[in-house]
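Below: the structure, in structure tokens.
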Protein chains: 2
Amino acid sequence: MDIKTFCLGILSFGDATGYEIKKQLEGPFRHFYDASFGSIYPALGKLTDAGLVERTELAQDKRPDKKVYSITPAGKMLLMDALEKPVAEDKVRSDFLATIVFSELLTPSTIDQMIAVRIAGLEKAIAEFDCEQDIAGPGAHFVCGFGKAVYGAAREYLENHRHEIVGHSLLTKSEKVQ
Amino acid sequence: MDIKTFCLGILSFGDATGYEIKKQLEGPFRHFYDASFGSIYPALGKLTDAGLVERTELAQDKRPDKKVYSITPAGKMLLMDALEKPVAEDKVRSDFLATIVFSELLTPSTIDQMIAVRIAGLEKAIAEFDCEQDIAGPGAHFVCGFGKAVYGAAREYLENHRHEIVGHSLLTKSEKVQ
DNA sequence: GATATCATGTAAGGGGTTACATGATTGT
DNA sequence: ACAATCATGTAACCCCTTACATGATATC
């Protein structure tokens, strides 16, 4: 899903500024979709040019004018068509797992700490999926439940199996280079 | 983890050609790390220039010369240093979940089919994690177990909760645009 | 006094994919 | 016949992030 479609989706829940769309991506959703200002603002500009959203400028004191975007009927039609199409496969990039594959080259304490950090990160993410977020509705609820289930399983696996990976090698770095 | 480090990691298990490195990324590992020829070949060139790997050309009949790469001691040192550094957070991009967030705009049958496709994809991935792969060792085994646990939890969640998301809206598209 | 929040936007750069170029052999 | 496998490499392109530019107000 490109950033334009995502913005249309957020705007289908109600009017928002670029800044507010970005804030959505700091909640639980950031765990499976992310974007920066550098892609959000240009996307909103293009959507406006295409007549898929409308822009209302609100003058503000001592701040840039707030630009509130709302989806147009044409935008909503296009959004629904886009959502109907088969979705691309999920893409995961895990430096953590890639490092684990090569973990024979690491010291046990490094691996152990890496896993501890990862468990902490998973717990933080699970807590985020638990919180109330701006966009409610059955879709967001389902997704948060999914996140909790999957990240919970990841944490559990790490806790139950970390002993299998830590301590497989006790060589020092200079010995390993041989 | 950049592609150069990944190539060094694969080569730490044994010599390989660019083609063979790419093949590794068609097994279970592709679910958390991917790269194309367009990034692998240039990476191997740079690693060779930097003296981190060595290239042996094997002439072949009716085919481009096979170029077998092997990691040098300097390369192994650099790899171990790179692996020791704190890893970046996992990055997930799920058009599937993003679409679910906006699923109020979809017909129940579309959602239902999307979930069915996703479950099938997860089952295929789980089977891949189950197979024997070229790179064995405790790291790869741990990672495959992780994949099975996490993807299994995802499949289970979808099976147990799909009824909560399907059928929340029975409006036709023209009604929804209103 | 420093950091966070609010609020928008641009430009350079990075990391990657896709498509192209080449071409025999083997399996369906 | 057609697709897949083997085998390498380049170049254009794309999308996105990072950093920059601007600046008041509120919080710690």
Side-chain angles (χ1 to χ4, degrees), chain A residues 1-7 10-11 15-27 29-30 32-49 53 55-69 82 88-95 98 134, chain B residues 1-8 10-11 15-27 29-30 32-49 53-69 82 88-95 98 134:
Chain A
M1 183 180 303
D2 62 28
I3 182 67
K4 285 194 278 183
T5 306
F6 185 84
C7 288
I10 297 289
L11 293 174
D15 298 352
T17 65
Y19 191 84
E20 286 163 349
I21 292 173
K22 170 70 177 146
K23 269 203 300 186
Q24 287 293 334
L25 295 172
E26 279 155 17
F29 298 165
R30 87 185 156 85
F32 58 86
Y33 198 96
D34 206 2
S36 61
F37 286 128
S39 55
I40 292 169
Y41 285 126
L44 290 170
K46 283 173 204 160
L47 289 171
T48 306
D49 293 345
V53 303
R55 172 194 285 157
T56 310
E57 288 185 49
L58 298 179
Q60 293 193 123
D61 256 11
K62 317 276 186 183
R63 262 178 212 175
D65 289 359
K66 188 186 273 195
K67 296 180 181 172
V68 180
Y69 293 88
E89 268 197 23
D90 287 6
K91 268 166 209 162
V92 179
R93 174 62 160 262
S94 176
D95 283 14
D134 295 345
Chain B
M1 181 181 303
D2 62 28
I3 181 68
K4 284 194 279 183
T5 306
F6 186 82
C7 288
L8 284 177
I10 297 290
L11 294 174
D15 298 352
T17 65
Y19 191 84
E20 286 163 348
I21 291 174
K22 170 70 175 145
K23 270 204 299 186
Q24 287 294 334
L25 295 173
E26 279 154 18
F29 298 165
R30 85 185 157 87
F32 58 88
Y33 197 97
D34 205 3
S36 60
F37 286 128
S39 55
I40 292 169
Y41 285 125
L44 289 170
K46 284 174 203 159
L47 288 171
T48 306
D49 293 344
V53 304
E54 268 175 357
R55 173 194 286 157
T56 310
E57 288 184 50
L58 298 179
Q60 293 194 125
D61 255 12
K62 318 277 186 180
R63 265 182 208 170
D65 290 358
K66 189 186 273 195
K67 295 181 180 171
V68 180
Y69 294 88
E89 267 198 23
D90 287 6
K91 269 167 208 160
V92 180
R93 174 62 161 262
S94 176
D95 283 14
D134 295 344

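Numbered from 1 within each chain, the chains take letters A, B, ... in sequence-line order. The model shown is predicted, which means the values in this text are computed figures rather than measured ones.
Closest approach of Ala59(A) and Asp65(A) over heavy atoms only: CA-OD1, 3.7 Å.
Considering only residues two or more places apart in sequence or on other chains, Tyr69(A) meets the ring-ring contact (aromatic ring centres under 6.0 Å, His included) condition with none of them. Residues that satisfy the side-chain contact (heavy atoms from CB on, under 4.5 Å) test with Phe37(B), not counting sequence neighbours, are Tyr19(B), Lys22(B), Tyr41(B). With sequence neighbours excluded, the residues satisfying side-chain contact (heavy atoms from CB on, under 4.5 Å) with Arg30(A) are Lys124(A), Glu128(A), Glu89(B). Every side-chain contact (heavy atoms from CB on, under 4.5 Å) that Lys66(B) has, sequence neighbours left out, goes to Thr17(B), Leu58(B), Gln60(B), Val68(B). For the side chain to side chain donor-acceptor pair (under 3.5 Å) test, residues two or more places apart in sequence or in another chain that qualify with Asp2(A) are Thr5(A). For Ser36(A), the side-chain contact (heavy atoms from CB on, under 4.5 Å) partners at least two apart in sequence or on another chain are Ser39(A).
As a whole-Å value, the separation of Asp2(B) CG from dG16(C) P is 7 Å. Put simply, CG on Leu25(A) is 14 Å from C1' on dT17(D), counting in whole angstrom units. Rounded to whole Å, atom P of dG16(C) lies 10 Å from atom NZ of Lys4(B). In this structure, CD of Glu26(B) is placed 8 Å from P of dT5(D), rounded to the nearest angstrom.
Contact annotation: Ser39(B) reaches the phosphate of dT17(C) (side-chain N/O to OP1 or OP2, under 4.0 Å).
Note that the CG atom of Leu44(A) and the CG atom of Asp49(A) stand 11.0 Å from one another [nearest 0.5 Å]. Taking NZ of Lys23(A) as the reference point, atom CD1 of Ile10(A) lies at 12.5 Å (rounded to 0.5 Å). For the atom pair CG (Leu11(B)) and CD (Glu20(B)), the distance works out to 10.0 Å, reported to the nearest 0.5 Å.
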If you restrict it to nitrogen or oxygen atoms, what contacts under 3.5 Å exist between nucleotides 4-10 of chain C and the protein, and what is each distance?
| from | atom 1 | to | atom 2 | distance (Å) |
| --- | --- | --- | --- | --- |
| dC6(C) | OP2 | Tyr19(A) | OH | 3.4 |
| dC6(C) | O3' | Arg63(A) | NH1 | 3.4 |
| dA7(C) | OP1 | Gln60(A) | OE1 | 2.8 |
| dA7(C) | OP1 | Lys66(A) | NZ | 3.4 |
| dT8(C) | OP1 | Lys67(A) | N | 3.1 |
| dT8(C) | OP2 | Tyr19(A) | N | 2.9 |
| dT8(C) | OP2 | Tyr41(A) | OH | 3.1 |
| dT8(C) | O5' | Tyr41(A) | OH | 3.3 |
| dG9(C) | OP1 | Lys67(A) | NZ | 2.3 |

Pairs: protein N or O with nucleotides 26-28 of chain C N or O, under 3.5 Å:
none

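Remark on the helix from dG1(C)-dC28(D) to dT28(C)-dA1(D): inter-end axis angle 50°, axes from five-pair C1' superpositions, rounded to 10°.
Under a cutoff of 6.0 Å and an axis angle of 45°, Arg93(B) and Phe32(A) do not form a cation-pi pair.
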